[in-house]
Amino acid sequence: MAPKKDYYEVLGVSKSASKEGIKKAYRKLARRYHPDLNPGNKESEEKFKEIQEAYSVLSNDEKRKAYDMYGSAEFQPSTRTTWQWSEGAPEGVEFGLGDYSGIEDMLGDIFGAKGQGRRKRRGRDLEYQIEIDFESAIKGESRNISISRESNCPVCDGSGIRPGASTKTCSRCKGSGKITSGPFNISRACSVCGGRGKVSTDPCQSCSGSGRRILTETISVKIPPGVDNGSRIRVQGKGEEGIGNGTAGDLYIIVRVSPHPVFQREQSDIYLELPVTFYEAALGARISVPTVDGTVIVTIPPGTQNDTKLRLRGKGVPHFRNKERGDQYVVVKILLPEQISEESRRRFEEFSKTLPYNPRIHLEKYMK
C-alpha cells in the first residue's frame, strides 16, 4: 500500500492556510519543479505530479473538507470510498485555477509573458500616486495627469509586422501559434512566431517587431470629495492595454494629502485650535473663525475653560459614499501675553484681591 500523503506538507503550508496562501505556495513549487524547466529529471516530474495532486484537492473547498475528514486515501484511485474525481484530470490541472482561465494562463504567469504569446490577455493594472492639498481632499477636484503605459504598437496594431509586409504560415506550429509539449501536453506560444501563427522577415520598425510600445497619455482624473491619505481611486480601462484584443487593465490613483497649517482631520471631523485671551474666555466674545467653507462667527460663552470644544455642525469632511458631512470642532486655547508691564501687573494684583479663586482646592486634602 502506498504511504498516505500529507497534502499540506507537500505544499509546505499549515492546515489553517487560506486559499490564497495555498495558491501562492503551489505557484512557487510549480515554478521550481515544472518538467519543462527540468528536462529528463524524473524526480522533478514525480514531484510536480505530487504538487498538482495536492493543489487540486486543497484548492477545492469540498475536496479539502473531504481530505481533512478522510485523508489522502480518499483521493487515490485504488482506495477511494467516498469521493469521485470528475471525468479526466483533477480539477485545477487542466481547467480553472482561481482567477486563471486555465493551466496555460497560470504557467504564463509563472514563466512570464513570453509564454503567453499573442493569446488574449488582460492588461496589467497600474498605480499612480498624486499629492493634493487639504482643501482639495475635502471638496474634490479634477486634475490632468500624464501616464506612461505599455500599449499595442499603433503602427502595426500589435502584430509586430510592418504594415503591408508579406507573411507566411509558421512552419513550426503550422499556423496554430501554439506548441504542445511536456508530459502534461501543455500548450505554449510558439517561440518562432511568438504565438501569431505567421512569420515575416520584415518586422515593424516602430516597435522592433515586439508589437508593444511604451506610450504616454494625458488623462483627466476626478478626485471625489472626502478622500484621505491612502485612498485609492479606480480609473477603469486606463491601465496597460490587453494583448490579443484582451481588455485593458485599470489605473489606481493613490492619494496623498499634504498637511494644513491650522486644520487637522480625524476621520470625518476637522479640528482647529483657537487662541483666546483670558479676558475673552472670562467675559465671553464673538470671534471670527476659518472653516473650509469660509469664515464664520463663533460665540465664546463667559467663563469658558481651556480645551473647551465648540462644535460647528456640518463644517467637516463629506462622507465618501453618502456625501453627508462631519463637523468642525473649535478647541479653545487660553493664552497669556509673554510679557506684562508694571501697570498691568498692578491691575492684575488688584483684580485677584477682588475675585479670590483657588482652582486647586480639591488637592488640599491630599497635602501633608
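Values below: every heavy atom of this structure, side chains too, minus hydrogens, waters and symmetry copies.
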Answer yes or no: does atom [atom1] of [X] have more than 12 heavy-atom neighbours from other residues, nucleotides or ligands under 6.0 Å?
X      : atom1 : value
Glu9   : CD    : no
Arg143 : CZ    : yes
Glu217 : CD    : yes
Lys15  : NZ    : no

Using the rule that Ile, Leu, Val, Met, Phe, Trp and Tyr join whenever any side-chain heavy atoms are under 4.5 Å apart, tell me whether [X] and [Y] fall into a single cluster.
X      : Y      : answer
Val332 : Phe278 : yes
Phe348 : Leu335 : no
Ile219 : Leu215 : no
Ile138 : Val227 : no
Leu274 : Ile297 : no

Side-chain donor-acceptor pair present, [X], [Y], cut-off under 3.5 Å:
X      : Y      : answer
Arg212 : Asn152 : yes
Thr216 : Ser148 : yes
Tyr33  : Glu50  : no
Tyr55  : Arg27  : no
Ser136 : Asp133 : yes

Please determine whether a side-chain nitrogen of the Lys or Arg among [X] and [Y] lies less than 4.0 Å from a carboxylate oxygen of the Asp or Glu.
X      : Y      : result
Lys24  : Glu20  : no
Arg313 : Asp327 : no
Arg122 : Glu240 : no
Lys353 : Glu350 : no
Glu349 : Arg346 : no

Listing request: all salt bridge (charged side-chain N to carboxylate O under 4.0 Å, His left out) pairs with a residue in residues 287-302, at least two apart in sequence or in separate chains.
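Checked against salt bridge (charged side-chain N to carboxylate O under 4.0 Å, His left out) - neighbours excluded - the pairs reaching residues 287-302 are Asp293-Lys315, Asp293-Arg325.
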Sort and list the pairs that fulfil salt bridge (charged side-chain N to carboxylate O under 4.0 Å, His left out) and have at least one residue in residues 295-304, not counting sequence neighbours.
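Residue pairs with at least one partner in residues 295-304: there are none.
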Is any side-chain heavy atom of [X] closer than 4.5 Å to a side-chain heavy atom of [Y]?
X      : Y      : answer
Pro203 : Ile161 : no
Asn229 : Arg256 : yes
His260 : Glu135 : yes
Glu53  : Phe48  : no
Arg64  : Ile22  : yes
Pro290 : Leu272 : yes
Asp68  : Tyr8   : yes

Heavy atoms only: give me the nearest [X]-[Y] pair and the separation to one decimal.
X      : Y      : answer
Arg345 : Ile340 : N-CG2, 3.6 Å
Thr295 : Ser288 : CG2-CB, 3.8 Å
Cys156 : Gly211 : SG-CA, 4.2 Å
Ala54  : Val10  : CB-CG1, 3.9 Å
Glu131 : Ser258 : OE2-CB, 3.3 Å

Any donor-acceptor pair under 3.5 Å linking the side chain of [X] with the backbone of [Y]?
X      : Y      : result
Arg213 : Cys207 : no
Glu150 : Arg124 : no
Arg265 : Gln267 : yes
Tyr67  : Tyr7   : yes
Glu324 : His319 : no
Glu280 : Thr277 : yes
Ser231 : Asp228 : yes
Lys174 : Thr169 : no
Gln305 : Gly303 : yes

Hey, what do you get for [atom1] ([X]) to [atom2] ([Y]), rounding to the nearest 0.5 Å?
X      : Y      : atom1 : atom2 : value
Asn306 : Ile334 : CG    : CD1   : 5.0 Å
Glu241 : Cys153 : CD    : SG    : 10.5 Å
Gln52  : Leu29  : CD    : CG    : 11.0 Å
Ile254 : Gln129 : CD1   : CD    : 7.5 Å
Leu363 : Asn358 : CG    : CG    : 8.5 Å

State which residues pass side chain to side chain contact (heavy atoms under 4.5 Å, CB included) with Arg162; sequence neighbours excluded, sorted by chain then number.
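Result, side chain to side chain contact (heavy atoms under 4.5 Å, CB included) vs Arg162: Ala165, Asp202.
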Report the residues that fulfil side chain to side chain contact (heavy atoms under 4.5 Å, CB included) with Tyr252, sequence neighbours left out, ordered by chain and then residue number.
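Counting only residues at least two positions away or on another chain, Tyr252 forms a side chain to side chain contact (heavy atoms under 4.5 Å, CB included) with Asp125, Glu127, Arg232, Arg234, Asp250.
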For side chain to side chain contact (heavy atoms under 4.5 Å, CB included), just list the numbers for Val289 and Gln328, CA-CA rounded to whole Å, side-chain angles, deciding distance to a tenth of an Å, and then say yes or no.
CA-CA 11 Å; Val289 172; Gln328 177 171 322; 4.1 Å; yes
Aromatic centroids of Phe351 and Tyr279 separated by under 6.0 Å:
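No, the ring of Tyr279 stays outside the 6.0 Å limit from the ring of Phe351, centre to centre.
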Could you walk me through whether Asp307 and Lys333 pass the side chain to side chain contact (heavy atoms under 4.5 Å, CB included) check?
CA-CA 6 Å; Asp307 286 333; Lys333 295 293 182 181; 2.3 Å; yes
Could you identify which residues cluster with Tyr329, counting Ile, Leu, Val, Met, Phe, Trp and Tyr as linked when any side-chain heavy atoms lie under 4.5 Å apart, either directly or through a chain of such contacts?
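Cluster partners of Tyr329: Tyr271, Val331.
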Sequence neighbours excluded, which residues qualify as ring-ring contact (aromatic ring centres under 6.0 Å, His included) partners of Tyr128?
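Residues passing ring-ring contact (aromatic ring centres under 6.0 Å, His included) with Tyr128: none at all.
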Hey, mind stepping through Arg286 and Ile300 against side chain to side chain contact (heavy atoms under 4.5 Å, CB included) and telling me if it holds?
CA-CA 6 Å; Arg286 288 171 57 82; Ile300 307 296; over 6 Å; no
Could you tell me how the ring of Phe263 sits relative to the ring of Phe134: parallel (under 30°), tilted (30 to 60°) or perpendicular (over 60°)?
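Aromatic pair Phe263/Phe134 classed parallel.
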Apply the test side chain to side chain contact (heavy atoms under 4.5 Å, CB included) to residues Ile145 and Thr218: give CA-CA distance (whole Å), side-chain angles for both, the deciding distance (0.1 Å), then the verdict.
CA-CA 5 Å; Ile145 63 172; Thr218 299; over 6 Å; no
